[in-house]
Each structure stands twice: as structure tokens, then as C-alpha cells.
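Have a look at the structure below before the remarks.
Remember, it's 1-based here, ligands and their atoms both numbered in the order they're listed.
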Amino acid sequence: MPRHYAIVPAAGSGARFGAEMPKQYLPLAGKPLIYHTLSALCRCERIDRVWVVLSPDDVWWRTHDWAPLGSKLETLFCGGETRAESVINGLAVAETAVAADDWVLVHDAARPCLSQVMLAALCDALADDPVGGLLAVPVADTLKRADAAQRAVATEPRDGLWQAQTPQMFRYGLLLQALTGHRGVTDEAGAIEAAGLKPRLVRGDTSNLKVTYPADLCLAELILQGKKR
Ligand code: CTP
Ligand code: MG
């Protein structure tokens, strides 16, 4: 049986958020944001190990206690210039532990509200899939095309459009090959598509949001509070 591993890219600076520290370390429901992200993955019984990929210049990680997350967690200070580079660097270190047909789940540090239900749904849906796939949600809003003056010039059809989330789950060998061959992509599925394959879209929900702007952090707080109740 193939095993499941997780890689968490966490080497970004959070420029759009604009805080005085990278957004993954901002306080959220009493813990650093990334604690919730890692906790969701470490708690999942089918995941054997979780590698978190930090910036080589990270000064924040050591200021917190991660011991409660247990022994599955391994810290790598090998983040790169882009998210894709951070993931590739993490995959390279993981090579000694992972077989080519093992599953790797890549999950953004900035998505702290991942539920066990969605994680299980992703693993179940892809268990026998030849390609792999990702959590995603169908686009709900009407889409506008803007001109240079930020005026709407057209309404775009949203049929067949989905918003990609993470985790994105692919076989180790295929993922490493696709990412190293297509470095300009913004997510793993993009690299797999560029390699000519079609990742499966597994329907998730909008609670698995990515914290990008300050308002997202307030929403994440509400979602996590709601889960506790
Ligand atoms: N990431 C990474 N290495 C990079 C850039 C991003 O590991 N060089 C990680 C981030 O830490 C985050 C995830 O990729 O967990 C998704 O990226 P994003 O939300 O864009 O985070 P940032 O790049 O930190 O934010 P921004 O783009 O606003 O600077
Ligand atoms: Mg970014």
C-alpha cells in the first residue's frame, strides 16, 4: 500500500498581508496560524510524516513550542524564492524516506482551517486515481473582466471554473518530475497539467480558506471557534 506524506510550504513573507511578521506566525485562536495547519496534518492517522519547509532566514519558528504536535513533524530550513521552489526543495529532502508511488499532500501553511473530513475525502477520492488531484470549489460569484481603468468590460461565463485549494495530492515521483520540468507554475496541479495529465477536482468547501489579507484572519478565527463549539 502506498503511504501518505505531507509537505507544507511555509517560506513566504506574507507581503500582501502586510504584517510585521510572516502571516504564518500571526496569532490565531491562541496559537501561531501555522500551528493549526500542522496540527490538522499531524492528527490525520493516514499521514506518516509532515515536513514543514521554512525560509533559511526564518527567525520565528524557534520562538514557539511545537512539541505538542508530536513526532511526525520534521522541520526543513530549505525554502526557496517561490512557492514551487520551496516545494521542490522539500521533496528533494524527503527523497530518502518516500517511494516513487507514495502519495505526497502539499498543503499551504496559510490554510489553517483544513478539516479532518475534507482531508479524508481527498484521500478517499484519490485512493485509486492514476493521476491524483486537489481540493477545489466551483466558482460561485459572477466574474467580471476589467479594463485598465478598472471598469467592467465583460461578464465571463463561470461554467466549469473551480477555485483551487490545497492539499494537492500526487504520487511522489510524478510530482517531482512535473515540478522540476515546469517551474513557472503557482500550484502542483499546474505542473501536472503542464505535463499533460488531468488532476481530479475533489469538491471541498470555502472554510478551507487561504489567509492572504487581514480580513481572512478574522474569518479563520471565526471558523476555528465554530469548530471548537
Ligand atoms: N511559500 C513558500 N515559499 C515561497 C513563497 C510562498 O513556501 N517562496 C508558501 C507560503 O508560506 C504559503 C504558501 O506558500 O504558506 C502560499 O503562498 P502565499 O499565500 O502567496 O504566501 P506568501 O507568499 O507568504 O504571501 P504573499 O504572496 O502575499 O507574499
Ligand atoms: Mg505568495
Side-chain angles (χ1 to χ4, degrees), residues 5-29 31-42 47 49-64 66 69 73-94 104-114 118-119 122 134-137 163-170 175-176 178-180 182-192 199 204 206-221 223-224:
Y5 296 96
I7 293 207
V8 180
S13 65
R16 285 171 290 177
F17 196 101
E20 70 289 352
M21 67 177 81
K23 62 191 180 185
Q24 54 271 29
Y25 294 114
L26 290 171
L28 170 66
K31 296 261 196 278
L33 185 156
I34 190 179
Y35 187 98
H36 301 281
T37 314
L38 296 173
S39 174
L41 295 166
C42 290
I47 296 178
R49 211 181 291 190
V50 178
W51 285 282
V52 56
V53 181
L54 305 170
S55 162
D57 308 322
D58 188 300
V59 294
W60 305 95
W61 179 263
R62 62 169 177 266
T63 65
H64 298 283
W66 311 95
L69 293 175
L73 184 64
E74 282 188 29
T75 314
L76 307 175
F77 288 89
C78 64
E81 285 295 307
T82 64
R83 180 184 177 285
E85 293 294 333
S86 296
V87 173
I88 290 172
N89 294 349
L91 288 171
V93 176
V104 177
L105 288 86
V106 180
H107 184 53
D108 291 328
R111 292 187 190 270
C113 303
L114 176 65
M118 283 304 145
L119 201 40
L122 180 72
L134 61 149
L135 287 179
V137 288
Q163 281 182 287
Q165 300 181 339
T166 68
Q168 304 206 351
M169 175 170 148
F170 296 99
L175 181 59
L176 185 58
L179 276 175
T180 46
H182 307 278
R183 286 172 184 259
V185 297
T186 53
D187 68 352
E188 290 62 50
I192 302 289
T206 51
S207 70
N208 182 26
L209 82 174
K210 183 158 74 75
V211 174
T212 305
Y213 299 102
D216 303 325
L217 192 61
C218 304
L219 260 180
E221 183 95 35
I223 292 165
L224 292 176

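- Each of E188, H107, K210 was checked for a side chain to side chain donor-acceptor pair (under 3.5 Å) with T166, and the lone residue meeting it is H107.
- Of the protein's non-hydrogen atoms, R16 NH2, 2.9 Å is the one closest to atom 20 (O) of ligand 1.
- In this structure, L69 and S39 have side chains that are in contact, with non-hydrogen atoms separated by less than 4.5 Å.
- Among Q24, Q168, R83, Q165, the one residue that satisfies the side chain to side chain donor-acceptor pair (under 3.5 Å) test with D108 is R83.
- One N or O on the side chain of E221 and one on the backbone of A29 form a donor-acceptor pair closer than 3.5 Å.
- Taking every heavy atom of both residues into account, P56 and G79 meet most closely at CD-O, 3.5 Å.
- Residue contact check: S86 has heavy atoms under 4.0 Å from atoms 2 (C), 3 (N), 4 (C), 7 (O), 8 (N) of ligand 1.
- At a 3.5 angstrom cut-off on N or O pairs, F17 does not count as close to ligand 1.
- Annotation: atom 29 (O) of ligand 1 to nearest protein heavy atom, A15 N, 2.7 Å.
- Among protein heavy atoms, atom 21 (O) of ligand 1 sits closest to K23 NZ, 3.2 Å.
- The closest approach between any non-hydrogen atom of D108 and ligand 1 is below 4.0 Å.
- Contact annotation: G14 has at least one heavy atom less than 4.0 Å from an atom of ligand 1.
- Rounding to the nearest 0.5 Å gives a distance of 4.5 Å between CZ of R49 and CD of E74.
- Comparing A11, P9, G12 against atom 12 (C) of ligand 1, the shortest heavy-atom distance belongs to P9.
- Checked by atom type and distance alone, the side chain of W66 pairs as donor or acceptor with a backbone atom of W61 at under 3.5 Å.
- Side-chain atoms of S86 come within 3.5 Å of backbone N or O of G80 as a donor-acceptor pair.
- Annotation: G80 places an N or O atom under 3.5 Å from an N or O atom of ligand 1; distance criterion only.
- The atoms of ligand 1 that sit less than 4.0 Å from any heavy atom of S13 are 24 (O), 29 (O).
- Close approach to E81 involves these atoms of ligand 1, each under 4.0 Å from a residue heavy atom: 8 (N).
- When the heavy-atom distances from atom 5 (C) of ligand 1 to K210, R83, R111 are ranked, the shortest goes to R83.
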